[in-house]
Number of protein chains: 2
Amino acid sequence: MLGAMGDMSARLLALLSLLQTPREWPGSELAERLEVSPRTIRRDVDRLRELGYPVQATMGAVGGYRLAAGAAMPPLLLDDEEAVAIAVGLRTAAAHPVEGIDEASVRALAKLEQVLPSRLRHRVGALAAATVPMLAGAEAPVDPRTLVVLAGAAANRERLRFAYRSGDGAETRRLTEPYRLVAAGRRWYLLAYDNDRDDWRIFRADRIGDPHATGVRFPARVPPDQDPAEFVAAKLYSSAPVYEVVATLRLPAGQAAQRLGAAAGSVEPIDDHSCRLRGRADTLEWLASRLLMLGCEFEVHEPPELRAYLRALIARAARASAS
Amino acid sequence: MLGAMGDMSARLLALLSLLQTPREWPGSELAERLEVSPRTIRRDVDRLRELGYPVQATMGAVGGYRLAAGAAMPPLLLDDEEAVAIAVGLRTAAAHPVEGIDEASVRALAKLEQVLPSRLRHRVGALAAATVPMLAGAEAPVDPRTLVVLAGAAANRERLRFAYRSGDGAETRRLTEPYRLVAAGRRWYLLAYDNDRDDWRIFRADRIGDPHATGVRFPARVPPDQDPAEFVAAKLYSSAPVYEVVATLRLPAGQAAQRLGAAAGSVEPIDDHSCRLRGRADTLEWLASRLLMLGCEFEVHEPPELRAYLRALIARAARASAS
DNA sequence: GTCATCTAGGTCAGGTCATGACCTACATGG
DNA sequence: CCATGTAGGTCATGACCTGACCTAGATGAC
């Protein structure tokens, strides 16, 4: 009985960490590692079970303990490399948001970055920079730190001040009551009540500069009656220029849907090896690259601008392949 | 003193969970939530600090507690949505591995999926399916579960049995001692000692079917003297067909490097608005789409196959844009 | 079948240590 | 200067954690 008590919490955490490993741990080995008697290990396992973490035990000569899936998430105990991997993954997820977990992934990123040791933070930055910007193309991706600040202020109901440059390049300072961060299409939008204009507004996150919470809490305001995501979608399609695309793909409908992903639009089968795609996007580059990368023959019916863009691409490729 | 002790560990965990929130918590509020006296909260904070988690306290009338970045990663306490978001992020990270954190991201995914409640697992599956397969194009991405099994067996040093279909379509069963999972280029490879062939081999993870650990542990074998990643790279470039690309881009070198990412190859400036790209890739589709999506004029010098492929792409785009 | 090896759990003694109550000291912003 | 927050000392009480015994049951190797 050398170590004082008080380290029981630390021991439980260490135990949880060991049990999250894919292998099975015999009680004797756990006792040795944690420097307590096997009896105490058994009691600790019981304690974990009482806390709701289902420790599975296989009996017999090759038995051992391991943590199984339970009703609630246990605390994740990550080593340095795993933490960096998750941070990098979440940052690229923030650059290519998936609808449905948009704000949750930013919350998770905020949580992680808040406690990430600084030496690891450097590695995250370096690796995220080396990550292929994927389909971002020529557009500047959003700064993940901006997203973290926006989501934090919304969750915390703190007034938010930032500089906003609108589509025509004009830059204004805004004071807002942030309500929610929403991913629509492949962009991030902040839905907030604009205190100067006295109305609900949506702001593109990549156009927000230098955001910071003022520290002033505001009372919950009655949000617009629609679902936040729908509200943003409605505002977008009514204001921003959007291309509606109609194309025929020489690809079975199932494969097309799988390769395009759910957000691309609707895919209806024409026959066994063709289908019709209807969708919307806000840039021609995006549309063209998605279609070309399908790797199948296709025909564009709408919009005419896309056909023009494809012809420009042809010309470029022709010049590129000329000897 | 109603609740028995023993819940001190649970309380510390709950406290840690609250402190990971972006906001600041006054001690009185924490005491109320956790149903203990403020004095106990102060002691708990001290305990956390002794455990190495730096709880920051701002003094004064608007003070409060929050968890700051420390020397080690504290246990991450995630709610359901955050866990799903991380799982989805890691799965897409597994589909587009970043060199340097390759095996760590799979380890993290294994850890998370081991304890992920089943109801959440369904949501992860659905969302991951809806995720845009990005640059995967026509190729079948690796099954994340396969990666998890491979990495687990390697970490655990368990013999691994699987079916392998080689490039020419032949399917064989293998018994191996897995050493490491490595990402090279944009693919996953397993470096393992093949027990039947008595030599080190590398296996493409997407060609591995139905892998399962036999449960038999094997003693550590002397690995090949190179670094695993280098070993894989050497084997690859000596055996697999690889295209070496040389192209001139009408884009400043800095921008090109940023848009292409570090793994694309080397970029040397020619003048202020042009640069030369040298790199290697194993499929023409990949090369062509990366170049076209740069959104700039470019000229391909090598290989001739890429020029031919671009001409085919031209033909397809021409047909697609024909009325 | 038999034995080794693992989980599972009961009991007991001893003393550590967590708790709440009450206290003072100090920092901060209005 | 006062309200409100963190920071920390002290004390009595008793809950409970620990290791050292013990038996029971399951499982796989020999």
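Proteins come first, then strands; the chains are lettered A, B, ... in the order of their sequence lines, and each starts at number 1.
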Check: Under the side chain to side chain donor-acceptor pair (under 3.5 Å) criterion, do A:R174 and A:T172 qualify, and how do the steps go?
Finding: CA-CA 6 Å; A:R174 306 289 183 120; A:T172 49; 3.0 Å; yes
Check: B:E35 has an atom CD; how far is it from atom P of C:dG20, in whole Å?
Finding: 11 Å
Next item on the list: Measure from CG on B:D7 to C1' on D:dC16 and round the result to the nearest Å.
Entry: 12 Å
Notebook entry, point to check: Is a donor-acceptor contact shorter than 3.5 angstrom present between the side chain of B:R39 and the base of C:dG20?
Noted result: no
Next item on the list: Quickly work out the A:L34 CG to D:dG19 P distance and round it to whole Å.
Entry: 11 Å
Margin query: Taking only side-chain N and O atoms of B:S37, does any of them lie within less than 4.0 angstrom of OP1 or OP2 on C:dT19?
Written below: no
Notebook entry, point to check: Are any side-chain N or O atoms of B:W25 and backbone N or O atoms of B:L18, one a donor and one an acceptor, separated by less than 3.5 Å?
Noted result: yes
Notebook entry, point to check: So what does B:V45 touch, heavy atoms closer than 4.0 Å: a base, only the sugar-phosphate, or nothing?
Noted result: nothing
Margin query: Suppose we call a contact any N or O donor and acceptor under 3.5 Å apart; does that hold for the side chain of B:R43 and the base of D:dG8?
Written below: no
Next item on the list: Report yes if a side-chain nitrogen or oxygen of A:R47 is closer than 4.0 Å to either non-bridging phosphate oxygen (OP1 or OP2) of D:dC16; otherwise report no.
Entry: no
Check: Do B:R161 and B:P211 come within less than 4.5 Å of each other through their side chains, counting heavy atoms only?
Finding: no
Check: Pick the nucleotide of DNA chain D nearest each of A:D44 and B:R42; which residue has the one closer to the 5' end?
Finding: B:R42
Next item on the list: Could you tell me whether A:E113 and A:R91 have a side-chain N and a carboxylate O separated by less than 4.0 Å?
Entry: yes
